[in-house]
Every structure is written in structure tokens, then in C-alpha cells.
There are 2 protein chains.
Amino acid sequence: MIELRHLRTLLALRETGSLVEAAERVHLTQSALSHQLKDLESRVDSPLFMRKTRPVEFTRAGLRLLALADEVLPEVRKAERDLARMAGTEMGRLHMAIECHSCFQWLMPTVDYFRDHWPEVEIDIPSGHHFDPLPALAREQLDLVITADPQPIEGVHYAPLFRYEGLLAVARQHPLAGQSFVTPEALADETLITYPVEQSRLDVFSQFLTPANVRPREIRTAELTIMMMQLVASGRGVCALPNWALSEYLERDYVSAVKLGEQGVWSTLYAAVREETLEAPWMQDFLRTARETSFAVLNGIKPATRDAESVA
Amino acid sequence: MIELRHLRTLLALRETGSLVEAAERVHLTQSALSHQLKDLESRVDSPLFMRKTRPVEFTRAGLRLLALADEVLPEVRKAERDLARMAGTEMGRLHMAIECHSCFQWLMPTVDYFRDHWPEVEIDIPSGHHFDPLPALAREQLDLVITADPQPIEGVHYAPLFRYEGLLAVARQHPLAGQSFVTPEALADETLITYPVEQSRLDVFSQFLTPANVRPREIRTAELTIMMMQLVASGRGVCALPNWALSEYLERDYVSAVKLGEQGVWSTLYAAVREETLEAPWMQDFLRTARETSFAVLNGIKPATRDAESVA
DNA sequence: TATTAAATATGAAAAACCTTCATTATGATT
DNA sequence: AATCATAATGAAGGTTTTTCATATTTAATA
């Protein structure tokens, strides 16, 4: 007999494209999923997907089950929400900090959805605190932190939201504009514009410049993405930002973007959550919504080169 | 986390009204269901139903889950059917015998549905065989037998379809017509009309007359319900039939019906199936459909006094 | 074409979970 | 009060699921 567990696994598998990542999503090991899916295939008596492609490719039977999952799981979630509300579950609290300055784009729709569906959870994004968000999370001053560098802290779980690529924004007439990628060395003569945070926190440094032992000629900071874009557009510097933060400016041909290195610089955005709160149904719903919304928003704005799977 | 198992149990519980019967439906023990439901209640953190009423009464939370089940399980069944078909499941065979002469009423819609949805299963109701159906089932000459008296046979499973009451049909002007029930003794002076089968097979005898050690004055047989009705209506005898077989004649005021004894004579109609075939998805679907269709038909034609639950 | 890195598969052991058994508790009915 | 039927419970047992450790496969790269 098919169980919801199976449908949840399949959905995670489609969203992540691999057993390894799907396993992380559903809080199981890769081995567990391998067994589970093998078992499911024997129950259903057909193979469900091809494992030798990246991302995995579903068979007709697999697609049929995914269709079922798409139909059924949202209903199940609704019911769970209703039930949680009926149980008069203790009013939850969701105070969050956003380390990544350009997340509001997809975070706001998520928060809106959430406010509608979980009116009894107090949601807030306290602005301008001067403490480190992650320790504040552990101290229970915050309940969720959106961050790109997970630091192991006792009792804190990092739920991956999505992967993204860091790109270098340059003026349209900048010599680098045409290139397929830049080398770290090419930045030695540039002014780099960053958010005003520690360099170790910035992917350009930790993943690109520092390993190559290169320092840009000058570093300027700016608080807002739009200010950075103005500086870049007017040729007063270059800056590294996530593909999705940039795409709105790229579409308007306001600036150009170049890959950082041949492979590009990729990282993952996480939601850091205390382990106890992770289990709460509203938290699960928030994470799910965040992933779905960011996926939709990020694909809606079509980051130039990347396809759906690799961003999700 | 809610699982389909839970939804299936709840549905069975609503349909049967008690843990004991629901357990039978889902092939588990009463104890298992008690545990399972208790566990579910703790997951959901609310009680789901009240156990002290007959039939059980669902709470708001329970109803919410039932609504989910109603929405989700039919979709799951559809998917399972599609998958079974994709797997190219070996062509099944469903040859059946109907011991109860008046079942076609609800059996035909069931068969029609089935033919539509499982075209690869060869369905047939071979008529007029002279052997005993149950042994023929064991011998694999038949695949399903509809019967009201389950006899323990190695490898044969009896899936309950529904309960029904046997009523005594009498002419409208018959002295018994007004009574709230008849005693066995009252039949000592009557002509009893039956189907031409062994008396031990007939509930009137096994559950009513024989225990009271009464024999009717005369016994006549008739092959068809309508013939019986004609005999009864013209005052040439009385006959005992299931409530639902009678109801069409009662509605037209063709005959009257009286309860057999104060408690009435109840029995259960079973589908007898070989254990191996029981597991086949199409067999499961057939049984489910048979139950649903008979429920619908039997309630559509509203047997005078009984309410939905007691018939189901 | 080796070689490596990443992903998936597999078998055995462990853990979790579910079901049964035997019994007790509860409630309805006589 | 006694009986009957249903439901709850705790412990034991069985099954299923998960993990761990390791092997195999695949794709990419030297």
C-alpha cells in the first residue's frame, strides 16, 4: 500500500534531483531513501525513476505518483494546519533575522502567506539588532535566521532553502562585461563594492579571492542593493551578488553580470532553526512555503543561464 | 505525521461505527486500531471521536480528518489503479457466483463500474452451475462468491459487504400485516414460500423457525423474487426476504413486511475470495466498489425503518 | 584509459514502529 | 447486580524502517 511517506519522498526527490539531497530534505539518510524507493517500486511493480541521470528522470509510473503527490499533499498540509489550530496549539513565535541583504524579494510573499494561514503565530523581523543572529537564535531571542554560512551550534538545525550562484555585476561598458567568466586576478585592479559585513562572510572572498590570495584594489561598502547597482552602473566599481538579486537589473540592462571563475561560485541559503521549534507544524509549513515561494519567485524572474533544477 | 493508514482506518470506522468492525474491515485487530487511533490522537493532539456512543461520534478534528480522507483516498485509489495498469499486471479473472438470489440490484452497477475501470480483468457470472459455489471457489473454478453463510474453508477469506435484516412479506390484508413483529409460532399455520435451496441455508429456518422448533404448515418454492411476491400478494403464502430485496414492492404497496421476532433476524452478506486473489489491487477495488455501491443502492431505495449506519 | 569523485545500492544490525495477545475497564442491557 | 459487548491497556512479539558501513556504479577528468 502506498503511504504518504512515499509521496513526500518522491516530491523531495523531484525538487532536489538526487537521493542524497532528497534524503536531507526529509530528514533521512540516503540509504533509507534508496531502500524506501526500492520497496515502493516493488509494491507498485514498476520502476519509478532513472537513477543514472542528473537530475533523476521519472518514468511514467513515477510521474503518475508525483501527480498524486501534488494533488494530495497540499490537502494533507491544509488539514494538518486546521488540526493544529483546533488543538489550540500554544501560540508560536517566529522572530527572524535575515543575514542576506537581498532576500526580501521572496521572503515577503512567504511572510504574507504565513500571516494569513497561521494568525496565532506571532511573526516579526526585528530590524537593526547589533548582536550576532546565530547566537541570538540559540539564546531563544530569535526563532529563525536566514544565512548562507551555517556554523555548527549545539541545538541548531540548518534547513537548506535553495542553492544560488554568486555573480559579478559590472558596468555594461566594462571590459569584463563580455567575458564568459572572470579570474580572481582580474579583480586586483578593481574597486569591489560589498555590504558592510565581515569579509569572511562574503562568498566572493571566502570562495574566490582569498583562496587565490588576491585583494581588490579598493573596497567600498553600500547598505542597499540599489545603491550598489548605481555605483556599478556608473563604473565606480564592481560587486558580487546572488544571481536572483541581480536579475531584475540584468533584465533592464542596467548592468552586466559575469561568472566568478570557470565553475562559478555557488552556495546554499539555509534557514537556521532551533531543533525544538523545527518540529512544530507551523515551522514545517513556513519552511515549505519559503522553499516553494523562493523557487517560484526565483524562476519567475528567470536568472539568465540557469534552469529550474539547478536553482532549486 | 499523518499517514494514509490512519485515513483508511478512520473511513472504516465511520462506515462501520465501531472499532471491532472497522478492525475487520482493515484486516487488523480491535486492539491494533485502538492503539493506532490513540497514537493518531496524540499526533494530532486532539481527540478524534467519542467511543461511548453507538455508532461512534466524531469530533470536529475527527470530521476534519474524514474530510481529508474523502478527498484523498479516492485519488490514491485512482493512482493505484493506473499504476497497476502500467505495471501490466497479469490479466486477472473474476468469475463469480451469487448465492443470494436478489443481489443483482446492487451487483450490476458494481460490475458496470468494474468493467469500465479494469478492462483487463475478465469478468463473468456463469449462470446455472450445479456444483456448490464455495468448493468451486477453492478449486479455482470461481474467484468470488457472494454468500450469507460463510463456511470455514482453508484459503478462503470472507470479506463482509453489509448487514441486512430478513423480513417476512405478507399480503396487505393478512392478519399479521399490522403487527410490529411475528413470533415463530405464528408461522405454524402459514404457507412459507422460499427459494429452492436447502432449508439450512435460509435464515428464516436457521435463525428463526428451527431454534423455536416450529415448522410452517406448508413450504412452496419459487425461483424468482417477483413470483414470490405474486404469491404473497394474492394471499397464497408468506415469504422471508432481505429488507432491500423487498423494498421496491413495499414502496408500491404491493405487499406488507413484518419483523421476524422482536429483535429481527439479521445477517451479513460476504464476498468469499481466495486468499491469494484478495490482495490483487483490482480485487480490493472490486470489494470497495461493491460495498460502496450496495450502500448507495440500499440507501437510495430507503428500507423503511433502518438508518444508514445499521445497514452499512 | 585509468583515476577520481560523487551518487546510489546493498546487507546486516539496530531502532522504531505496529500488531497481537491476554487481560482489564467501561458502558449498555437485562 | 449480572451479563454482554465494546474499548483500553501493557507487555511481548513481529515487522518494517532506518542506519551504518561498505560496495558498486556512473560520469567526469587527468
Side-chain angles (χ1 to χ4, degrees), chain A residues 1-10 12-44 47-59 62 160 163 261-264 266 268 279 309-310 312, chain B residues 1-10 12-44 46-59 62 160 163 261-264 266-268 279 309-310 312:
Chain A
M1 295 253 105
I2 300 174
E3 282 295 345
L4 290 180
R5 168 167 39 97
H6 299 128
L7 300 184
R8 297 193 243 256
T9 299
L10 283 174
L13 185 57
R14 179 180 61 191
E15 275 161 27
T16 60
S18 88
L19 283 200
V20 180
E21 287 175 80
E24 180 171 25
R25 270 287 177 82
V26 297
H27 302 298
L28 289 175
T29 61
Q30 171 270 320
S31 175
L33 284 212
S34 179
H35 285 297
Q36 188 186 95
L37 288 164
K38 190 178 156 199
D39 166 68
L40 179 59
E41 286 181 325
S42 85
R43 296 187 199 212
V44 158
L48 295 174
F49 63 102
M50 267 109 74
R51 295 109 208 272
K52 11 201 95 171
T53 63
R54 177 133 321 287
V56 296
E57 189 175 331
F58 291 92
T59 62
R163 278 175 63 72
E262 207 171 346
Q263 313 306 316
W266 288 83
T268 303
E279 294 313 316
E309 282 73 26
S310 61
Chain B
M1 295 254 104
I2 300 174
E3 283 295 348
L4 291 181
R5 167 166 40 96
H6 299 129
L7 300 184
R8 298 192 242 256
T9 299
L10 282 174
L13 185 57
R14 179 179 63 191
E15 275 162 26
T16 61
S18 87
L19 285 201
V20 181
E21 286 176 79
E24 181 171 22
R25 268 287 176 83
V26 297
H27 302 299
L28 290 175
T29 61
Q30 170 270 319
S31 175
L33 284 212
S34 179
H35 284 295
Q36 187 186 94
L37 287 164
K38 190 179 155 197
D39 166 69
L40 180 58
E41 287 182 325
S42 85
R43 294 187 199 212
V44 157
S46 341
L48 295 174
F49 65 101
M50 269 109 73
R51 293 112 210 267
K52 15 200 89 173
T53 64
R54 176 134 320 286
V56 296
E57 189 175 329
F58 291 92
T59 62
R163 278 174 62 70
E262 208 170 348
Q263 312 307 314
W266 288 84
S267 48
T268 303
E279 293 314 316
E309 281 73 22
S310 61

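Within every chain, numbering begins at 1; the chains are lettered A, B, ... in the order of the sequence lines, protein sequences first and strands thereafter. Only a predicted model underlies this, so the values are computations on that prediction, with no experimental measurement involved.
Proximity of Lys52(A) to the phosphate of dA7(C): no side-chain N or O atom is located under 4.0 Å from OP1 or OP2. For Arg5(B), a side-chain nitrogen or oxygen approaches OP1 or OP2 of dC18(C) to under 4.0 Å. An OP1 or OP2 oxygen of dT19(D) is reached within less than 4.0 angstrom by a side-chain nitrogen or oxygen of Thr29(A). The side chain of Arg51(B) places an N or O atom within less than 4.0 Å of a non-bridging phosphate oxygen (OP1 or OP2) of dA8(D). Applying the 4.0 Å criterion to OP1 and OP2 of dT19(C), one finds that Ser31(B) has every side-chain N and O outside that range. Here Lys38(B) reaches the OP1 or OP2 of dT9(D): one of its side-chain N or O atoms lies under 4.0 Å away.
Minimum interatomic distance between Leu37(A) and Leu19(A) (heavy atoms only, all atoms of both residues): CD1-CD2, 3.5 Å.
Nearer to the 5' terminus of DNA chain C, by closest-nucleotide assignment, is the contact made by Arg43(B) (compared with the other of Arg43(B) and Gln30(B)). DNA chain D is contacted by both Leu13(B) and Gln263(A); Leu13(B) maps to the nucleotide lying nearer its 5′ end (nearest heavy atom per residue).
Rounded to whole Å, the distance from CD on Glu24(B) to P on dT19(C) is 16 Å. Distance Asp39(B) CG to dA16(C) P: 15 Å, rounded to the nearest Å. Distance CG (Leu28(B)) to P (dG14(D)): 17 Å, rounded to an integer number of Å. Rounding to whole angstrom units, CD of residue Glu41(A) and C1' of dT8(C) are separated by 12 Å. At whole-Å resolution of the value, NE2 in His27(B) and P in dT15(D) are 18 Å apart. When the P atom of dT19(C) is taken as reference, atom NE2 of His6(B) falls 8 Å away, rounded to whole Å. One can place CG of Leu33(B) at 15 Å from P of dT9(D), the figure rounded to the nearest angstrom. Note: CE (Met50(B)) to P (dA28(C)) measures 12 Å, nearest angstrom.
Scanning atom types as modelled, no donor and acceptor separated by under 3.5 angstrom connect the side chain of His35(A) and the base of dT16(D).
With hydrogens and angles ignored, the 3.5 Å screen pairs no side-chain donor or acceptor of Glu41(B) with any backbone N or O of Pro47(B). A donor-acceptor contact shorter than 3.5 Å links the side chain of Thr9(B) to the backbone of Arg5(B). A donor-acceptor pair is defined here as one N or O able to donate and one able to accept, closer than 3.5 Å; no such pair exists between the side chain of His35(A) and the backbone of Ala32(A).
Set against dT8(C), dA8(D), dT20(C), the side chain of Leu19(A) has dT8(C) as its closest nucleotide. Across dA8(D), dT17(D), dA9(C), the shortest atom-to-atom separation from the side chain of Ser34(A) is found for dA9(C).
The distance from atom CZ of Arg43(B) to atom CG of Leu48(B), rounded to the nearest 0.5 Å, is 11.5 Å.
The residue Ser18(B) sits close only to the backbone: its heavy atoms come under 4.0 Å of sugar-phosphate atoms, none of a base.
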